[in-house]
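Since the structure comes first, as structure tokens, the remarks are kept for the end.
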Amino acid sequence: MQQKVRFQIEGMTCQACASRIEKVLNKKDFVESAGVNFASEEAQVTFDDSKTSAADIAKIIEKTGYGAKEKTEDTLPQAEAEHHIGRRLWLLLAINIPFLIGMAGMMIGRHDWMIPPLWQFALASVVQLWLAVPFYKSAWASIKGGLANMDVLVTIGTVSIYLYSVYMLFFSPHAAHGMAHVYFEAGVMVIGFVSLGKFLEHRTKKSSLNSLGLLLKLTPTQVNVQRNGEWKQLPIDQVQIGDLIRANHGERIAADGIIESGSGWADESHLTGESNPEEKKAGGKVLAGALMTEGSVVYRAAQLGSQTLLGDMMNALSEAQGSKAPIARVADKVAAVFVPAVVGIALLTFIATWLIKGDWTLALMHAVAVLVIACPCALGLATPAAIMVGMGKAVKHGIWFKDAAAMEEAAHVDAVVLDKTGTLTEGRPQVAAVYCVPDSGFDEDALYRIAAAVEQNAAHPLARAIVSAAQTRSLEIPTAQNAQTVVGAGITAEVEGAGLVKAGKAEFAELTLPEFSDGIWDIASIVAVSVDNKPIGAFALADALKADTAEAVGRLKKHNIDVYIMSGDNQGTVEYVAKQLGIAHAFGNMSPRDKAAEVQKLKAAGKTVAMVGDGINDAPALAAANVSFAMKGGADVAEHTASATLMQHSVNQLADALSVSRATLKNIRQNLFFAFFYNILGIPLAALGFLNPVIAGAAMAASSVSVLSNALRLKRVNIE
């Protein structure tokens, strides 16, 4: 049986590390697929659990030289600790200061600012023989694994400079006369700049890029819990299901639960993206992370931790951010051969410079500059960094993408297929008119009772409207047995005192409606009813458009996206709704199979199709579309099938999702361009001697930070 597991990876220094882990795992016959995200430092592995276990896969990763800790959905993601500069980095930066002063002096002709050669040797030895040890360990582990990472380049370059300078200081013919040319400062400053760049990169990845830290802060650490009749302040980890918890004005809800007493208003925008507070009163639901903006409530905890909607969202976001977008394959392929290619270029640079200039010292400096300037980190971060920020922005707007591939595909959408009921309309239709077949023996109340008896077994909004109307009339609803749903047509059941009852489309109940003077029958959804295959009547149900539907359709059209309505309702109703919204393509009387077939036709015509729906009958079309969106709280099969979930039941959120996706893909392309351009420009400049190793080291560190900074711009992008 296939099982998917996620691991937090420790010790990766660049994209080549991630590529190495992927290569090792994907070679195993029991691994179906393995992907490693350098930005989130996470691996996602699908494997055959009859042949191996998650623990064994963790050991395989550890043998490649990295730490691996399994991540599960049983617990919430852990908050990241503050990333302080360690003593090693502080000491390294302190050692860099006298060399920085000396180099500044040489730039203005004050060579006496540089510390004496023996002091340079002493400080450089501390760096190379102690502070640079993590680089050596990482480089050696990488080489043993069959690939070379960034640390291999840094190690080769700095060790070469150090050994050359030691030779020139103590063993060259010029050493005895104090004329030796040493370059200890280059090795020290390269290690310093790269280490500082790694620190800044790591801090950005773990804090600014990742939205999980902000979500974690939504759950209070201390809550007021009633124990033995008394209110006590307890840590959140001591709360149990069934406990009574009090949340006052300005406090956050700690668990999903039901309100026992009190009332107020709660802001649930962290889940829905909707900033308007919700009124809360006894019997209503509260959701973990919500902020009580007014009032005070006492609620009983029903779900805790990862079982809450907030916990589910955090786990979904963590998994989505750790996934890889297809566009990342470009960077992966380049990174896999990048470091060996750079070593080859550096060797050719050394030989060519030596032959042309006749100066092997100059040749060494040029070669080292090539090694140091060529960093695959920016390339490896280009895609995942943007995906992490884009995913966080989507969640902030109430959009949950399942993975990075879905987000990338959404950026290409040029055709949107919308279901009508519950998507474009409120999904809360009401009975607008009733028709009883003459001489059928059933009056209006009897029609309501029989229809409600059958429709109690259905989850469709039309069914709920009929049941609600019957209850409003205070009618006694008979018992129904052996209910069976005919997908796309209706529902049947044996109703006590009546017989076999069918409720659904007119043709399903074998009803031919007469011509009505009341126009509502031309635009309403029709539910016909028959008893023992004899039609007895029908209901006309009208459903109002959602307030923001017209605006959402306008936004989609603004981006040249073709909009289609596909609904199981009659053609007249669908066309009426389409006319109100200015939608040119409207299809009614469609079965689930019809919807899926029409989506396939659009794809065959070259369209990238997004499907939006919330019912069981939408599932085939959701699966057929390039990317699909389900409404939260709709049918489980729809949510399971869809590529993303919309929390607000709003087409406006679909427009938001497509806008965020386009902005994210644009950011990825910018990052990839910068990363490629940086190396295409930097390597030749270093090879020709226009960049010394120190400047190359600083530029290398700056490249990753620049890519991360560009990714963070996504947080400020306006959604159109």
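Only heavy atoms go into these numbers, but all of them, side chains included; no hydrogens, no water, no symmetry mates.
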So, do [X] and [Y] sit near enough that their side-chain heavy atoms are less than 4.5 Å apart?
X	Y	result
V577	V574	no
F629	F401	yes
E551	N652	yes
Q670	N667	yes
V651	L424	yes
D594	N589	no
V286	I259	yes
V416	L658	yes

Near [X] [atom1], under 6.0 Å, is it more than 12 heavy atoms from other residues, nucleotides or ligands?
X	atom1	value
Y576	OH	no
R473	CZ	yes
H585	NE2	yes

For the backbone of [Y] and the side chain of [X], can you confirm whether one donor and one acceptor N or O come within less than 3.5 Å of each other?
X	Y	value
Q456	V467	no
S661	A657	yes
T293	W265	yes
N710	V707	no
S628	S643	yes
D267	P277	no
K280	G264	no
R6	Q44	no

Looking only at heavy atoms, what is the nearest atom pair of [X] and [Y], with distance?
X	Y	result
L714	A386	CD1-O, 3.5 Å
V413	I561	O-CG1, 3.8 Å
S567	D419	CA-OD1, 4.2 Å
Y448	A469	CE2-CB, 3.6 Å
S440	V437	OG-O, 2.9 Å
T308	A255	CG2-CA, 4.4 Å

#### Entry: side-chain contact (heavy atoms from CB on, under 4.5 Å) between V389 and L712, worked out
CA-CA 7 Å; V389 179; L712 289 173; 4.2 Å; yes

Quick note, salt bridge (Lys or Arg N to Asp or Glu O under 4.0 Å) partners involving residues 446-469, not counting sequence neighbours, are none

The complete set of salt bridge (Lys or Arg N to Asp or Glu O under 4.0 Å) pairs with one or both residues in residues 646-657, sequence neighbours excluded, reads R555-D656

Value rounded to 0.5 Å, distance of [atom1] in [X] from [atom2] in [Y]:
X	Y	atom1	atom2	result
K402	M391	NZ	CE	12.5 Å
S659	H397	OG	NE2	8.5 Å
M292	R252	CE	CZ	12.0 Å
M566	S591	CE	OG	11.5 Å
E409	M407	CD	CE	13.0 Å
Q303	L310	CD	CG	12.5 Å

Walk me through it: do N671 and T383 pass the test side-chain contact (heavy atoms from CB on, under 4.5 Å)? CA-CA 7 Å; N671 286 345; T383 298; over 6 Å; no

- Query: Would V501 and V529 satisfy side-chain contact (heavy atoms from CB on, under 4.5 Å), going step by step from the backbone distance to the final call?
  - Reply: CA-CA 7 Å; V501 177; V529 183; 3.9 Å; yes

Worksheet entry | Salt-bridge contact K285-E268 (side-chain N to carboxylate O under 4.0 Å) | no

Sequence neighbours excluded, the answer for salt bridge (charged side-chain N to carboxylate O under 4.0 Å, His left out) partners of E279 is none

- [ ] Classify the ring geometry between Y435 and F516 as parallel (under 30°), tilted (30 to 60°) or perpendicular (over 60°).
- [x] perpendicular

Ignoring hydrogens and angles, write down the donor-acceptor pairs under 3.5 Å from the side chains of residues 597-612, residues two or more places apart or on other chains.
from: K603; atom 1: NZ; to: A624; atom 2: O; distance (Å): 2.7
from: K607; atom 1: NZ; to: D562; atom 2: OD2; distance (Å): 2.5

* **Step-by-step side-chain contact (heavy atoms from CB on, under 4.5 Å) determination, L418 to L654** => CA-CA 10 Å; L418 304 170; L654 167 69; 4.1 Å; yes

Pairs under 3.5 angstrom only: tabulate donor-acceptor contacts from the side chains of residues 533-541 to other protein residues two or more places apart or in another chain.
from: N533; atom 1: OD1; to: K502; atom 2: NZ; distance (Å): 3.2

Taken in chain and number order and not counting sequence neighbours, the residues that satisfy ring pair (Phe, Tyr, Trp, His ring centres under 6.0 Å) with F673 are F677

